[in-house]
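In listed order, ligands and their atoms are each counted from 1. As a basis for the values below, the full set of heavy atoms in this structure was taken, side chains included, without hydrogen atoms, waters or symmetry mates.
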Amino acid sequence: MGHSILLVGSGGREHALAWKLAASPLCDRLVVAPGNPGIEALSRGDVAGARKISCVSVGAEAIEALVALAARERLDFVVCGPEIALVAGLQDAFAAAGVRFFGPSRAAAEIEGSKAFAKDLMKRAGVPTAAFGSFDDVAAADAFIAQQPGDVVVKADGLCAGKGVVVTSSHDEARAAVRHMLADRAFGLSGARVVIEERLIGREVSMMALCDGTRFAMLASAEDHKSVLDGDRGPNTGGMGAYSPSPLVDDALTAHIGRTIFAPTIAAMAAAGRTFRGLLYGGLILTPDRGPMVIEWNCRFGDPETQAVLVRMQDDLLPWLVGAADGQLPPGGPVWRSGLSLCVALAAEGYPGQVRAGDRIEGLADDGQVAATDAMVFHAGTRRAGDGFVTAGGRVLGVTGTGVSLVEARQNVYDTIGRIRWPGMHFRKDIGLRGQS
Ligand SMILES: Nc1ncnc2c1ncn2[C@@H]1O[C@H](COP(=O)(O)OP(=O)(O)O)[C@@H](O)[C@H]1O
Ligand SMILES: [Mg+2]
């Protein structure tokens, strides 16, 4: 008998997970809470396992309602996308109800939920990361900044949906950021404590690993594109695109990262009584002089990286998730398709500032996809309107495709994008090209 799965979340990441999980022969049913119109539409299309998928309007934060939903629908395995639900204790609630769950406990999710906790853990475990201090007091923070030889980065301790970090270029700017967080409480309680760290220089890569508490299996590397404009210019966003694998991360570097970064972190979590089972995502900077160093840990699949990574995954994802959840990860690592993949986010007018919603999206078929292309369209911010879709968020769609070469992958994705339009739609034209330099 296969699994009846509950997938929690509503973004492009969850659309990609739904598409991949439904294709598993070990999946009988996939209920997504709350899902999104793209996932809902997928169930009417012709992708593998489409008919297994349904969406139920229970939000990712409604812990009790999710547990009740799983009981009512007899769902036996839960996969959680968003960090906020994990940090709030969604795993613990399902564990109490006796339901298997892919994702860390509340105690283990602290590795993302508190940057100060993560930094202390890494320091104890000897994991390479920027020098830092943690402060809840403006005067002490100012004194620390004054001692730093170079520029610093100021981070709110808690979850801020990617908006709680200021990379500064002067100590004045750093002091202002500290005041903004600690005194003005710009991020509420998430900013009641700040981490101030040394500003590192180097290219960023995202490394995700499936962890069963003691062992881990690394997924293909990826690079995210945070800036809104081509050439990494303009303000930061939730991510305008990603590609996988990163040309900077070869097998030797992957092994090095596993040995010096993932292994000691996972061991330290277990030693602290916070055994990590789920997806551990390291945001790394490859420094020219000190090797790979950790910028931050996330306790869940990245978005948009997951979209790019999953379309290249040859293996069935489900046995990996079940194995991690049960503390029995399969041996070895997942098999990947050759070539590379690319995800390009299509954003609404105004993003990453105030966005306009309700623009009618042209080019999508009834299943939410672009007809006659093998690129996937993962929905992140859409709403159903009549028989079509309209924009309902900053990042609206993630168009994701593969190719044996970068030229082919880019052609696949950008040809598909060329058939989608709405007033104010914008996207980066240079996703993947950074890999060339
Ligand atoms: N120590 C650092 N040196 C240089 N850049 C940093 C440093 N820490 C963070 N950054 C930059 O800020 C971004 C966001 O920081 P991160 O710690 O990943 O927080 P979050 O993703 O929660 O916003 C990183 O992707 C990186 O570009
Ligand atoms: Mg980050």
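Annotation: atom 6 (C) of ligand 1 to nearest protein heavy atom, Ile295 CD1, 3.8 Å. Protein heavy atom in closest approach to atom 26 (C) of ligand 1: Glu204 OE2, 3.2 Å. At the top of the distance list for atom 1 (N) of ligand 1, counting protein heavy atoms only, stands Glu197 OE2, 2.7 Å. For atom 13 (C) of ligand 1, the closest non-hydrogen atom of the protein is Val165 CG1, 4.4 Å. The single protein non-hydrogen atom nearest to atom 21 (O) of ligand 1 is Glu296 OE2, 2.9 Å, given as residue, atom name and distance. At the shortest separation from atom 4 (C) of ligand 1 among protein heavy atoms lies Leu200 O, 3.2 Å.
Set against the non-hydrogen atoms of Glu198, the atoms of ligand 1 under 4.0 Å away are 1 (N), 2 (C), 3 (N). Residue Lys115 has at least one heavy-atom neighbour below 4.0 Å for each of these atoms of ligand 1: 16 (P), 17 (O), 19 (O), 20 (P), 22 (O). Within the listing of ligand 1, atoms 23 (O) sit less than 4.0 angstrom from a heavy atom of Gly162. Below 4.0 Å from some heavy atom of Lys155 lie the following atoms of ligand 1, by number and element: 8 (N), 9 (C), 17 (O).
For the residue pair Ser10/Asn36, the side-chain donor-acceptor check at 3.5 Å is not satisfied. Looking only at atom types and distance, the side chain of Asp303 has a donor-acceptor partner in the side chain of Gln307 under 3.5 Å away.
Separating the CZ atom in Arg410 from the CG atom in Leu342 is a distance of 7.0 Å, to the nearest 0.5 Å.
Between Val167 and ligand 1, no N or O atom pair is found at a separation short of 3.5 Å.
Using a distance-only test at 3.5 Å, with no hydrogens or angles considered, no donor-acceptor pair links the side chain of Asp430 to the main chain of Asp230. Side-chain atoms of Glu349 do not come within 3.5 Å of backbone N or O of Arg356 as any donor-acceptor pair. Using a distance-only test at 3.5 Å, with no hydrogens or angles considered, no donor-acceptor pair links the side chain of Asp184 to the main chain of Ala186.
Figure legend: Arg384 and Phe389 shown as a cation-pi pair, the cationic atom lying under 6.0 angstrom from the six-membered ring centre and within 45 degrees of its axis.
Asp142 is linked by a salt bridge (Lys or Arg N to Asp or Glu O under 4.0 Å) to Arg179, counting only residues two or more places apart in sequence or in another chain.
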Please tabulate, one pair per line, all N/O donor-acceptor pairs under 3.5 Å involving side-chain atoms of residues 120-134, not counting sequence neighbours.
residue : atom : partner : partner atom : Å
Thr129  : OG1  : Lys119  : NZ           : 2.8
Thr129  : OG1  : Val294  : O            : 2.8

Mind listing the side-chain donor-acceptor pairs of residues 391-401 below 3.5 Å, one per line with the distance, residues two or more places apart or on another chain?
residue : atom : partner : partner atom : Å
Thr391  : OG1  : Gly358  : N            : 3.2
Thr391  : OG1  : Asp359  : N            : 3.0
Arg395  : NH1  : Gly238  : O            : 3.1
Arg395  : NH1  : Gly239  : O            : 3.1

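Here the rule is ring pair (Phe, Tyr, Trp, His ring centres under 6.0 Å) with Trp297, and of Phe276, Phe117, Phe262 only Phe262 fits it.
The count of protein N, O or S atoms under 2.8 Å from the Mg ion (ligand 2) stands at 1, with waters excluded from the count.
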